[in-house]
Engineer: 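Got a structure for you, written out below as structure tokens; questions coming shortly.
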Amino acid sequence: DLMGFSLGASAGLHIASLDKRVNNLVIVSPMHSLQQTIPKFVKQSPKWLGKLVESRKESALARANDISGYSYEQTSDSVSAARLITKPVLFIYGSIDKMSDQRLNTLLSKQGSQKNKLYQLDGLRHTHVLLHQSALMEPINQWLGLKVKSSIDEVHNICSFINFST
């Protein structure tokens with residue numbers, strides 16, 4: 001089972017498209033590609049951080065290629081990866097997420113399996129999706145068929161987040 005958020009969700013799509021051992025896949029607020037994501041990140045960041053990210057974009061992509069052993073340009077398209085996944089996928093996103101919007105999530109959910117499910121969390125931006133765990137975990141638990149108790153202290157979820165950071 002695999003769950004990923006943001007760029008980790010996109011990585012999860014790529015992993016599941018290559019590794020048939022992934023049985024349950026939960027994709028939360030995925031990115032289409034770094035080429036599309038970096039300009040969005042730059043616009044939403046403080047000016048100093050946006051300038052830093054923009055100035056180092058090419059070297060960061062080259063470093064990612066070196067570390068991973070593949071050409072990022074060949075695997076950066078999340079739609080192509082989603083198309084190869086034959087098992088059902090749960091896609092979750094926030095309704096006011098400008099990094100991973102309804103259009104992208106709808107497009108991704110229409111790829112691969114006809115049993116994919118799309119779930120929108122009302123009123124949530126990109127990073128806020130993770131902050132509202134009860135809203136996030138409800139569709140995940142339902143998707144995985146997990147029975148949980150109503151008390152927040154007694155809820156036990158089995159999930160692994162994939163996220164890449166420097």
Engineer: Taking all heavy atoms of Ser100 and all of Asn105, pick out the closest pair and write down the distance.
Structural biologist: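 Where Ser100 meets Asn105 most closely, the heavy atoms are OG-ND2, 3.0 Å.
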Engineer: Is there a side-chain contact between Leu13 and Leu25, using heavy atoms and a 4.5 Å cut-off?
Structural biologist: yes
Engineer: For the residue pair Val129 and Phe5, what are the closest heavy atoms and their distance?
Structural biologist: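 Looking at all heavy atoms of both residues, the closest pair is CB-CE1, 4.5 Å.
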Engineer: Checking His126 against Ser6 for the side-chain contact (heavy atoms from CB on, under 4.5 Å) test, could you report, in this order, the C-alpha distance in whole Å, the side-chain angles of both residues, the deciding distance, and whether it holds?
Structural biologist: CA-CA 8 Å; His126 192 69; Ser6 192; 2.8 Å; yes
Engineer: Return the minimal non-hydrogen interatomic distance between Gly12 and Ile27, and the atom names on each side.
Structural biologist: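 Minimum heavy-atom separation between Gly12 and Ile27: C-CD1, 4.4 Å.
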Engineer: Report the distance from atom CG of Leu90 to atom OH of Tyr119, rounding to the nearest 0.5 Å.
Structural biologist: 9.5 Å
Engineer: What about Leu49 and Met31, same hydrophobic cluster or not, with Ile/Leu/Val/Met/Phe/Trp/Tyr joined at side-chain heavy-atom distances under 4.5 Å?
Structural biologist: yes
Engineer: What's the separation between atom OH in Tyr93 and atom CG in Leu118, rounded to the nearest 0.5 Å?
Structural biologist: 5.0 Å
Engineer: Between Arg21 and Asp19, does at least one N-O distance fall below 4.0 Å, as a salt bridge requires?
Structural biologist: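 A salt bridge is present here (some side-chain N lies under 4.0 Å from a carboxylate O).
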Engineer: Could you report the tightest heavy-atom contact between Gly123 and Ile96, atom names first, then the distance?
Structural biologist: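 Shortest heavy-atom contact: O-CD1, 3.6 Å.
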Engineer: To check you understand the geometry: which heavy-atom pair defines the closest contact between Ala81 and Ser17, and what is its length?
Structural biologist: O-CB, 3.4 Å
Engineer: If you group Ile, Leu, Val, Met, Phe, Trp and Tyr by side-chain heavy-atom gaps below 4.5 Å, do Leu136 and Leu146 land in one group?
Structural biologist: yes
Engineer: For Ser109 and Thr106, indicate whether the former's side chain and the latter's backbone hold a donor-acceptor pair under 3.5 Å.
Structural biologist: yes
Engineer: Working to the nearest 0.5 Å, report the span between CD of Gln111 and CD1 of Ile85.
Structural biologist: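 Interatomic distance, Gln111 CD to Ile85 CD1, rounded to 0.5 Å: 10.0 Å.
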Engineer: So how far is it from Lys20 NZ to Lys87 NZ, rounded to the nearest 0.5 Å?
Structural biologist: 8.0 Å
Engineer: Give the C-alpha distance, both sets of side-chain angles, the deciding distance and a yes or no for side-chain contact (heavy atoms from CB on, under 4.5 Å) between Leu121 and His132.
Structural biologist: CA-CA 9 Å; Leu121 297 173; His132 293 273; over 6 Å; no
Engineer: Can a donor-acceptor pair be found, under 3.5 Å and without considering hydrogens, that links the side chain of Lys117 to the backbone of Pro88?
Structural biologist: no
Engineer: So which heavy atom on Pro30 is nearest to which on Ser10, and how close?
Structural biologist: C-OG, 3.9 Å
Engineer: For the atom pair CG (Asp1) and CG (Leu144), what is the distance rounded to the nearest 0.5 Å?
Structural biologist: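 The CG atom of Asp1 sits 6.0 Å away from the CG atom of Leu144.
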Engineer: Taking atom OG of Ser95 and atom CG of Asp101, what is their separation to the nearest 0.5 Å?
Structural biologist: 11.5 Å
